[in-house]
Protein chains: 2
Amino acid sequence: MPKVNLKDLAKSLNISVSTVSKALRDSYEISNETKKKVIAKAQQMGYNPNPYAGFLRNNKSKTIAILIPELTNNYFIQAISGAETIAQENNYHILIYATNNNIEKESSILKHLNNGRVDGILMSVSSNTSQYNHIEELIRNGIPIVFFDRICHEIETAKITTNDFASGFMATEHLLQTGSKKIAYLSISEHLSIDHKRKQGYLEALNKHDIQLEKELMIQCSDDEKTNIDKIKKLLTSKKRPDGIFASVEKLALTTYHLCKELKIRIPQDLKIISFSNLRTADLLNPSLTTITQPAYEIGKEAASILFKYLAKRKSLIPNENIVINSKLTIRDSTNPDL
Amino acid sequence: MPKVNLKDLAKSLNISVSTVSKALRDSYEISNETKKKVIAKAQQMGYNPNPYAGFLRNNKSKTIAILIPELTNNYFIQAISGAETIAQENNYHILIYATNNNIEKESSILKHLNNGRVDGILMSVSSNTSQYNHIEELIRNGIPIVFFDRICHEIETAKITTNDFASGFMATEHLLQTGSKKIAYLSISEHLSIDHKRKQGYLEALNKHDIQLEKELMIQCSDDEKTNIDKIKKLLTSKKRPDGIFASVEKLALTTYHLCKELKIRIPQDLKIISFSNLRTADLLNPSLTTITQPAYEIGKEAASILFKYLAKRKSLIPNENIVINSKLTIRDSTNPDL
DNA sequence: TTTATTTACGATATCGTTTTCGTTACATTT
DNA sequence: AAATGTAACGAAAACGATATCGTAAATAAA
């Protein structure tokens, strides 16, 4: 039953609890001899400090939370992985919460966190988040939040994103340059800033090349896979079928792939596809998928680094800052004009 | 600065702290009137209990840890997702740790957890784990551990796995039935029970069909992608090249896909491939990949459920139990004999 | 009326740390 | 010799909640 605490240590050394505590924290008040003895005894007795006692005393938990819309998503997992790496380096612990794109769940989780359980939060907002009260309250209570990817412009803090507008522009231009004339945009949520920016890039590229926007080509998808399938199928079987598709998120590109298989639409001959994606098997798909890939791991690292920087400073108010880490276009067969 | 605690509530209500505490916990000692008042006031003042004070007092943290070898792995993510669902239902929180297949890191993380920070642990052991002292100590200290997938037979507790032996047997037989004569097995780690069982299934299938094992066909891979590439490339370019491959994990199948592309080996005509995998794009690969898929989400749910069951009982010693959730074979083109 | 019993609440110890503030004993300065 | 300084330690008060007592008043039983 080696549940040894400071008191036990003190007793077995015949010194006071405070001396033991200070010795272990390497205080200048304690002589080197005593420190050696204490450390040796602690080692021997297998002392392991109770974290919660310290948290209570110091109002610091060495723990952060990561809130993401969904776990089963390559982008978010890579971002978490990056954040986790930095957390381990800083001896921080990570609590994970999936909001499942449910604003009530997001709000409820944040309420639970609004009590000192975590020192800070990394989050990507739920896609239908349109009220920010529950987020602002955390910050008012001194719990800093750093946003990544699905950010919240309305809140003053650090935000890590990729160059969504430029990437959307680039993706669309790539489709144009590889021969597409009628390009559709698959949107995942009208409430998301990233989606909006990618769409703006799409529109700007069309504009630059003097292409009239056809509204039927902008498909508003959602988290409901079934209605997505219906909408995209309708798009692909309409007489005004596009010859190029720009998917704002990976999931929609994969749905399109499935539908093309079903509808015998050839990629890239009949339809070219480009998508934001962190799929590691993009080059093994049939055909391989041209992607805009976000440096998700780096984004996670950066977000965590910024948070820890301010936590170390004991500053809970993080000034507004927009950090952009560029995505990379990887051209593959799904937009190959020579196939 | 709404950092209101029980004392503040008590003061503003002119009653004692203990009464407030009991009222909020719906104690029978408190009258309904008082309860109403307290609850209303708590609501009004935005009271949010400090979790760590309670944890300290009760020696319970409503938190569990999940330790996995790596985050960027479809199987583990789905398992985490399942566990997270159950955790949210039970109002438990989840700390995530990646061991990166590093036994020292695993050991160090477990040491950090050996102090009441978590009530219990869900874990998949690091692939080179061969000593179990660091794990046994946790259990001795009353922190229950449930294993999933990469389990530790030597420790008495609940273990959730899939039917690895039968699945290995089935995979190998499927290759035989689709025409493969020389079947290679790609192993990920000789220290892993799951690998060992899958391999036994492979050997048993060969035996059943009176096929002599050729030792050069059992490739011992690792976490080092480079040496894996070398070994598999050597296998694929040898004169005794196999015409079927059974990959024990997804990663090795993907490496093989890449190498086949590079070496112009046609799948499935020249080489058939089957693999354990939770890839969601298995059917979109070129060619689509025949998989043995574990119900990872369910495995995660099951593991968490068992842990919570014992935590609710305040029983920290979980009796030994082997729970098997069967995998499913999905036949696709990578083993299609008619292509 | 006296003695139990119940109801509703308060005082206080406790969980295990950290930290402030004393308090020695001894060395150093005037 | 008196005053000051310093090094090394201990006592005790936090941190915020919970649970064990105790106790007053009100009710019931004798």
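Convention: sequence-line order gives letters A, B, ...; per-chain numbering from 1. Owing to the predicted nature of the structure, the values given are computational and were not obtained by experimental measurement. Quick note: numbers below take in every heavy atom, side chains included, and nothing from hydrogens, waters or symmetry partners.
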Would you mind telling me which of [options] lies closest to the side-chain atoms of [X]?
X: B:Ser31; options: C:dT18, C:dC9, C:dT20; result: C:dC9
X: A:Arg57; options: D:dC9, D:dA17, C:dT18; result: C:dT18
X: B:Glu29; options: C:dT18, D:dT20, C:dG22; result: D:dT20

Notebook entry, point to check: Any N or O donor-acceptor pair linking the side chain of A:Lys22 to the base of D:dG10 at under 3.5 Å?
Noted result: yes

Margin query: At less than 3.5 Å, do the side-chain atoms of A:Ser18 and the base atoms of D:dA11 form a donor-acceptor pair?
Written below: yes

Note to self: If you apply the rule side-chain contact (heavy atoms from CB on, under 4.5 Å), what do you find for A:Glu321 with A:Lys159, and how did you get there?
What the structure shows: CA-CA 6 Å; A:Glu321 184 180 10; A:Lys159 298 148 191 166; over 6 Å; no

Next item on the list: Scan A:Pro51 against the nucleic acid and name what it touches under 4.0 Å (heavy atoms): base, sugar-phosphate only, or nothing.
Entry: nothing

Next item on the list: Give B:Asn58 one of three labels, base, sugar-phosphate or nothing, depending on what nucleic acid heavy atoms sit under 4.0 Å from its own.
Entry: sugar-phosphate

Separation of [X] atom [atom1] from [N] atom [atom2], in whole Å?
X: B:Leu6; N: C:dT14; atom1: CG; atom2: P; value: 20 Å
X: A:Asn14; N: D:dG10; atom1: CG; atom2: C1'; value: 13 Å
X: B:Asp8; N: D:dC15; atom1: CG; atom2: P; value: 10 Å
X: B:Ile30; N: C:dC9; atom1: CD1; atom2: P; value: 5 Å
X: B:Arg117; N: C:dC15; atom1: CZ; atom2: P; value: 21 Å
X: B:Leu13; N: C:dA8; atom1: CG; atom2: P; value: 17 Å
X: A:Phe55; N: C:dC15; atom1: CZ; atom2: C1'; value: 15 Å
X: A:Lys3; N: C:dT17; atom1: NZ; atom2: P; value: 11 Å

Margin query: Is the ring pair A:Tyr75/A:Phe148 parallel, tilted or perpendicular, if the boundaries are 30 and 60 degrees?
Written below: tilted

Notebook entry, point to check: Is the B:Tyr52 ring parallel, tilted or perpendicular to the A:Phe55 ring (thresholds 30°, 60°)?
Noted result: perpendicular

Would you say [X] has more than 12 foreign heavy atoms packed within less than 6.0 Å of its [atom1]?
X: B:Lys11; atom1: NZ; answer: no
X: B:Lys62; atom1: NZ; answer: yes
X: B:Lys111; atom1: NZ; answer: no

Contact under 4.0 Å: [X] side-chain N or O vs [N] OP1/OP2:
X: B:Asn5; N: D:dG16; result: yes
X: B:Thr19; N: C:dC9; result: no
X: B:Ser21; N: D:dA17; result: no
X: B:Arg25; N: D:dA17; result: no
X: A:Tyr52; N: C:dT18; result: no
X: A:Thr34; N: D:dC9; result: yes

Next item on the list: On DNA chain C, check which nucleotide each of B:Ala53 and B:Asn32 is closest to and give me the residue with the more 5' one.
Entry: B:Asn32

